[in-house]
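Notes to accompany the following structure.
Each chain gets a letter, A, B and so on, in the order the sequences are listed, and its residues count up from 1. Computed from a predicted structure; not experimentally measured. Atom set for the values below is all heavy atoms of this structure, side chains included, hydrogens, waters and symmetry mates excluded.
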Amino acid sequence: MSQPEPIRVFSVDDQPLIRGGIAALINDEPDMRMIAQASNGREAIQAFRQHRPDVTLMDVRLPDISGIEAMIAIRREFPDARIVMLTTFEGDVEIRGALAAGARGYVLKHIPPGELAGVIRRVHGGKKQIPADVAARLAEHVSDEPLSERELTVLDRVAEGRRNREIGELLGISEDTVKGHVRHIMEKLGVHDRTQAVAIAVRRGIIRL
Amino acid sequence: MAHPIRILTVDDHALLRGGLTAVISTQPDMELVGEASNGREAIQQFRTLRPDVTLMDIQMPGVDGIEALIAIRAEFPDARVVVLTTYKGDVQAMRALKAGAQAYLLKGSLQKELLDTIRDVHAGRKRIGQEVAEELAGHVSDDALSAREVDVLKLIAEGNSNKLVADRLSISEDTVKGHVKNILSKLGANDRTHAVTIGLKRGIIVV
């Protein structure tokens, strides 16, 4: 019987050192092979079309579009694409966003290399992979009500140090409406004040600075 | 031929250490002598191995890279350490350089820049990546926050009112108000929330 074809892996990360580490790990495994690399989201979409990898390891934070946006674009064209998000970032909001957009796995970059090879094999086999640490992070906020688009816009302005009145003028709404949004934001995030709302939102990946 | 440059890598991400190993192994004048995954291990490994150049991450569980750097240099004042990090904020870079790092480089740097930096630092020169240098230059005339002001900013970021901050630090509310006023003016912030945003962006505080 002939050997099965090796799993063809594609790595997307803006840090060449991480790509190098992944390549070294993959090439040590007899049943997988690194076939392409990309350092940003646009390159990732093009390279995917060209190479049609079996499994893609995608960083969430890329210099142009986010890894999640790149994944959405790839999956629109190739609905069967098997993409694992590989990131340093553990905010529950980005994890949830990635899974909702069709990621087959979400793993943190401090994963031991041997485990990453296991994740690649299982995702290639059609399974989903969410390690326990990521699942725990997700579970903490699973019943939280997400912020609305409008609330996110308001929170971005709050982070810039703008007063409610100013925010109202910028968004063409009344100061009272802004106050209402801020109150809802604080309730949803379970915080005491607008400053803590910003700090928590940054930690959870709800807003980025 | 001269002895190869003996290198110790310190990072909690095994994948990144793997990348460093791969790069170093292609260089005939360099040799990887050890790896550590946190600050405490780094200090132990340094004592045992006495590497020529140490590549050190900042954010690690337990003892962080800058604390490890300080401990290593207290024992071995000639230790040559390159801080290799994802942090662009000027404050972390300043902390590292004050602690005696010979170089501060971003993990996104090109391989050539990394190798040049290792050779330069081994030869006794200092190096700061251009992106970091620009960040530093942008804030060079800023008045740095005092340790107390940083404490106050951290407590504000946790959602404490001035009164609660005062209780926590056992100082008067008026003193806290004075600190907050100085923080806003030093950071050029519109209000306390903006101060937290700027503090996070520049690496003064982390959440």
Can you tell me which portion of Leu84(B) sits under 4.5 Å from chain A's heavy atoms? Options are side chain, backbone, both or neither. side chain

So which residue, Ala199(A), Pro16(A), Gly161(A), ends up with the most heavy-atom pairs under 4.5 Å with chain B? Gly161(A)

Looking at Lys201(B), I'd like to know if its NZ atom is crowded, meaning that more than 12 non-hydrogen atoms belonging to other residues, nucleotides or ligands lie closer than 6.0 Å. no

Check the surroundings of atom NE2 in His192(A): do more than 12 heavy atoms from other residues, nucleotides or ligands lie under 6.0 Å from it? no

Would you find a donor on one side and an acceptor on the other, under 3.5 Å apart, between the side chain of Asn190(B) and the backbone of Glu160(A)? yes

Which of Val23(B), Leu200(B), Leu110(B) touches chain A most, by non-hydrogen pairs under 4.5 Å: Leu200(B)

Heavy-atom distance under 4.5 Å to chain A: side chain of Ile205(B), backbone, both or neither? neither

Between Ser109(B) and chain A, which part of the residue has a heavy atom less than 4.5 Å away: side chain, backbone, both or neither? backbone

Is it the case that atom NZ in Lys126(B) sees more than 12 heavy atoms from other parts of the structure closer than 6.0 Å? yes

Calculate, to the nearest 0.5 Å, the distance between atoms CD1 and CG belonging to Ile18(A) and Asp11(B) respectively. 7.5 Å

Evaluate Leu17(A) against Leu114(B) for side chain to side chain contact (heavy atoms under 4.5 Å, CB included), listing each step before the verdict. CA-CA 10 Å; Leu17(A) 286 173; Leu114(B) 173 69; 4.0 Å; yes

Sort Ala157(B) into side chain, backbone, both or neither according to what part of it lies under 4.5 angstrom from a heavy atom of chain A. both

Spacing of NZ belonging to Lys109(A) relative to CG belonging to Asp12(B), to within rounding of 0.5 Å: 12.0 Å

CZ/Arg40(B): more than 12 non-hydrogen atoms of other groups inside 6.0 Å: no

Please name the residue in the list Asp13(A), Leu57(A), Leu116(A) that meets the side-chain contact (heavy atoms from CB on, under 4.5 Å) test with Leu15(B). Leu116(A)

Chain B contact via Leu86(A) - which portion, at a heavy-atom distance below 4.5 Å: side chain

State whether the number of non-hydrogen atoms from other residues, nucleotides or ligands found under 6.0 Å of Glu113(B) atom CD is greater than 12. yes

Greatest number of non-hydrogen atom pairs under 4.5 angstrom with chain B, of Arg194(A), His110(A), Arg19(A), Arg162(A), falls to His110(A)

Taken in chain and number order and not counting sequence neighbours, the residues that satisfy salt bridge (charged side-chain N to carboxylate O under 4.0 Å, His left out) with Asp144(A) are Arg204(A)

Just wondering, are more than 12 heavy atoms of other shown residues or ligands nearer than 6.0 Å to NZ in Lys127(A)? no

About how many Å separate CZ of Arg192(B) and OG1 of Thr195(A), when rounded to the nearest 0.5 Å? 5.5 Å

Value for OG1 (Thr88(A)) from NE2 (His13(B)), rounded to nearest 0.5 Å, stands at 6.5 Å

Quick check on the interface: out of Glu158(B), His194(B), Arg17(B), who has the most heavy-atom pairs with chain A under 4.5 Å? His194(B)

Side-chain polar contacts of residues 168-175 of chain A - donor-acceptor pairs under 3.5 angstrom, sequence neighbours left out - could you list them?
from	atom 1	to	atom 2	distance (Å)
Ser174(A)	OG	Asp176(A)	N	3.4
Ser174(A)	OG	Thr177(A)	N	3.1
Ser174(A)	OG	Thr177(A)	OG1	2.8

Honestly, the part of Val158(A) sitting under 4.5 Å from a heavy atom of chain B is both

Do you know the tightest heavy-atom contact between Leu16(B) and Gln15(A)? CD1-OE1, 3.7 Å

